[in-house]
*Asks:* 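Sending over a structure as C-alpha cells; questions will come in a sec.
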Amino acid sequence: MENGGHAKYRVAVIGSGNWGSVASRLIGSNTAKLPSFYDEVRMWVFEETLPTGKKLSESINQQNENCKYLPGIKLGPNVIADPDLESAVKDANMLVFVTPHQFVEGICKKLVGKLRPGAEAISLIKGMEIAVEMFSEATIGYRKDKEVANRWAKLFTTPYFLVSVAEDIEGVELCGTLKNIVAIAAGLVDGLDMGNNTKAAIMRIGLREMRAFSKLLFPSVRDNTFFESCGVADLITTCLGGRNRRVAEAFARNGGKRSFDELEAEMLHGQKLQGVSTAREVYEVLTYRGWQELFPLLSTVHEICIGQLPPTSIVEYSEHTPNLSIIGGPTPFY
C-alpha cells in the first residue's frame, strides 16, 4: 500500500524477552506517529506457560505488558503478541531480531520462503534503561545504502533514545558481540573484589582485543566505530551492569564451583547469557586460526567459563603482552 505516493512499512519484532519487549514498545510508539509505517507491530513470542497456567502471549495481549520479562511497563495498544512465527512476520517488510544469538540460525531456517520479497532485517542488542525512558543511544551499522539505514534510525529514534548510523556492519556487530565476553571478565574482577583500577584495566585491554580481533577478521572494520555508542559506551555500560557481569560476579564469589548454566537458571529466570556462548565461539575461531596468544583476555575468559582455569586467572594472563602489530595501522587503545 502507498502513503502519499511513498511505500509504507510493516514491522515485526522477533523476540519477546526483556529487550524484545522494550524494542516493541519503542517501535510501536513511533509507528503510531509516523505516516510511513503501519501502526500495528506484531511481536513473536516463544510461547511459555506462566505459573498461573495462562499462556504468555495471552497474558501480554490481555494486560498489554510482558509480566515475566518486563513487568509494570505497558507495551502500547498497537503491539500484538503472536506465538506463531509465520503469522507474526506475514506481510512485514521490516524485521527486528531481538533474540539470543544462539537461536537466530534456527529461527531463520524456519523463515525461509515465508517472507515478503525485499524484506529488510536488523539485529538489536541493548538494555533495560530504554524501557523507563532514560536517555540512551545506539548505533546502526550499514553497508552502502544509507537511505535504508536512516529509515531504521527513524523507526527507533525518540527524544530519549538517539540512534546514529555507521557504514561498518561488521564493526558494529562485533562490538555488540565481543563486549559480552569483556563483561564476563569485569564480573569476575568484581567477584574477586579486585577493585575499580583492575576493572578499568580489564575494560581497556578488552577494548583493545575487541578492536584487534575485529580488524583481523574484517580488515574493513573502522577504528572510529569503537568510539561510537556501540563501542566504548556499550562496553562501559555492559561492564558496569547487565546479566553477564552479574552472573560472572556470582561465579567468581563461588570460586567457580557452580557452573554458569546453573547460575543462569537461578539468577536470570529464563533470560539467557550471551558472554559464555560467545566466548566459546570466539575461542573456536582463535584456536582454528592459531590466534590464542594474541588474545589472552578473550581466551582466558572461555577457559575460566569451562572450568579449565580458576577465576583468579583473569588477571594472571596480563603477565604476557601480546603482539598485535600484525593488524597494522594505528593502535589507539594501548
Side-chain angles (χ1 to χ4, degrees), residues 1 8-34 36-116 119-133 136 138 152 155-156 158 160-161 243 265 268-272 274:
M1 186 177 292
K8 242 183 145 172
Y9 298 92
R10 190 181 298 278
V11 183
V13 177
I14 301 172
S16 59
N18 172 263
W19 176 214
S21 298
V22 172
S24 296
R25 178 180 186 269
L26 185 153
I27 291 167
S29 71
N30 277 348
T31 59
K33 294 180 289 190
L34 297 171
S36 55
F37 296 93
Y38 288 98
D39 288 0
E40 184 181 271
V41 174
R42 298 196 80 82
M43 177 178 73
W44 175 66
V45 175
F46 180 78
E47 194 67 282
E48 302 178 50
T49 301
L50 299 172
T52 60
K54 186 177 292 186
K55 297 293 186 183
L56 178 59
S57 61
E58 294 175 4
S59 173
I60 292 172
N61 287 332
Q62 289 172 7
Q63 301 178 38
N64 193 231
E65 69 177 70
N66 190 330
C67 63
K68 181 171 183 180
Y69 296 112
L70 194 67
I73 303 290
K74 295 299 181 184
L75 301 180
N78 58 332
V79 175
I80 309 299
D82 191 336
D84 185 311
L85 180 61
E86 188 174 341
S87 170
V89 303
K90 183 181 179 182
D91 298 327
N93 48 6
M94 295 181 74
L95 307 178
V96 182
F97 283 81
V98 204
T99 63
H101 77 279
Q102 57 264 42
F103 301 142
V104 172
E105 183 178 2
I107 291 171
C108 287
K109 287 180 179 178
K110 293 178 181 178
L111 292 176
V112 172
K114 309 296 185 183
L115 302 177
R116 280 182 59 174
E120 301 164 358
I122 193 170
S123 64
L124 301 187
I125 300 173
K126 198 64 184 175
M128 173 65 186
E129 66 273 15
I130 304 164
V132 290
E133 301 189 0
S136 187
W152 282 107
L155 178 65
F156 292 108
T158 71
Y160 58 86
F161 186 44
R243 66 189 74 164
L268 300 186
H269 310 293
Q271 293 182 316
K272 295 294 181 182
Q274 297 289 298

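Being a predicted model, the structure only gives us computed values, none of them experimental. Side-chain atoms are counted along with the backbone in the values below, which use heavy atoms only and exclude waters and symmetry mates.
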*Asks:* Apply side-chain contact (heavy atoms from CB on, under 4.5 Å) to the pair Asn93 and Arg10, showing each step before the final yes or no.
*Replies:* CA-CA 6 Å; Asn93 48 6; Arg10 190 181 298 278; 4.1 Å; yes
*Asks:* Aromatic rings Phe46 and Trp44: how do their planes relate, parallel, tilted or perpendicular, breaks at 30° and 60°?
*Replies:* perpendicular
*Asks:* Give a yes or no answer on whether the side chain of Arg116 reaches the backbone of Asp91 with a donor-acceptor pair at less than 3.5 Å.
*Replies:* yes
*Asks:* If every non-hydrogen atom of Leu268 is compared with every non-hydrogen atom of Arg243, which pair is closest and at what distance?
*Replies:* CD2-CB, 3.7 Å
*Asks:* For residues Phe156 and Phe161, report the shortest heavy-atom separation together with the two atoms involved.
*Replies:* O-CD2, 3.4 Å
*Asks:* Quick check: does any side chain N or O of Asn64 sit under 3.5 Å from a backbone N or O of Lys74, one acting as donor and the other as acceptor?
*Replies:* no
*Asks:* Any idea which heavy atoms bring Trp152 and Leu95 closest together, and the distance?
*Replies:* CH2-O, 3.5 Å
*Asks:* If I take atom CD1 from residue Ile60 and atom NZ from residue Lys68, how far apart are they, to the nearest 0.5 angstrom?
*Replies:* 10.5 Å
*Asks:* If you count heavy atoms of other groups shown closer than 6.0 angstrom to CD of Gln63, is the number above 12?
*Replies:* yes
*Asks:* Take Cys67 and Leu50 through the side-chain contact (heavy atoms from CB on, under 4.5 Å) test and state the conclusion after the steps.
*Replies:* CA-CA 9 Å; Cys67 63; Leu50 299 172; 3.7 Å; yes
*Asks:* Would you indicate whether the side-chain heavy atoms of Ile122 and Phe97 approach each other to under 4.5 Å?
*Replies:* no
*Asks:* Measure the shortest side-chain to side-chain distance between Phe37 and Asn30 over non-hydrogen atoms and say whether it is less than 4.5 angstrom.
*Replies:* no
*Asks:* Please determine whether side-chain contact (heavy atoms from CB on, under 4.5 Å) holds for the pair Leu70 and Leu75, giving the CA-CA distance in whole Å, both sets of side-chain angles, and the decisive distance to 0.1 Å.
*Replies:* CA-CA 9 Å; Leu70 194 67; Leu75 301 180; 4.3 Å; yes
*Asks:* Counting C-beta onward and ignoring hydrogens, is there a side-chain heavy-atom pair between Ile14 and Leu111 closer than 4.5 Å?
*Replies:* yes
*Asks:* Report yes or no: does Asn78 contribute a side-chain atom to a donor-acceptor pair with the main-chain N or O of Asp39 at less than 3.5 Å?
*Replies:* yes
*Asks:* Taking all atoms of both residues into account, what is the closest heavy-atom pair of Pro83 and Glu47, and its distance?
*Replies:* CB-OE2, 3.5 Å
*Asks:* Just verifying a value: how many Å separate His269 NE2 and Asn18 CG, rounded to the nearest 0.5 Å?
*Replies:* 12.5 Å
*Asks:* Tell me if a side-chain donor or acceptor on Ser21 pairs with a main-chain N or O of Ser16 at a distance below 3.5 Å.
*Replies:* yes
*Asks:* Provide the closest heavy-atom pair for Val41 versus Gly28 in the form atom of the first, atom of the second, distance.
*Replies:* CG2-CA, 3.9 Å
*Asks:* Considering only heavy atoms from C-beta outward, does the side chain of Thr49 approach that of Lys55 to under 4.5 Å?
*Replies:* yes
*Asks:* Once rounded to the nearest 0.5 Å, what's the spacing between atom OG of Ser57 and atom CD1 of Ile80?
*Replies:* 11.5 Å
*Asks:* One thing to verify: whether Glu105 and Lys109 come together as a salt bridge, which I'm taking to mean a side-chain N less than 4.0 angstrom from a carboxylate O.
*Replies:* yes
*Asks:* Would you say Lys114 has more than 12 foreign heavy atoms packed within less than 6.0 Å of its NZ?
*Replies:* no
*Asks:* Using every non-hydrogen atom in the two residues, find where Leu124 and Ala23 come nearest and quote the distance to one decimal.
*Replies:* CD1-CB, 3.8 Å
*Asks:* Could you tell me whether Arg42 and Asp82 have a side-chain N and a carboxylate O separated by less than 4.0 Å?
*Replies:* yes
*Asks:* Kindly indicate whether the side chain of Tyr9, heavy atoms from C-beta on, has any atom under 4.5 Å from the side chain of Leu155.
*Replies:* no
*Asks:* Can you check whether Leu56 reaches Asn66 side chain to side chain, under 4.5 Å on heavy atoms?
*Replies:* yes
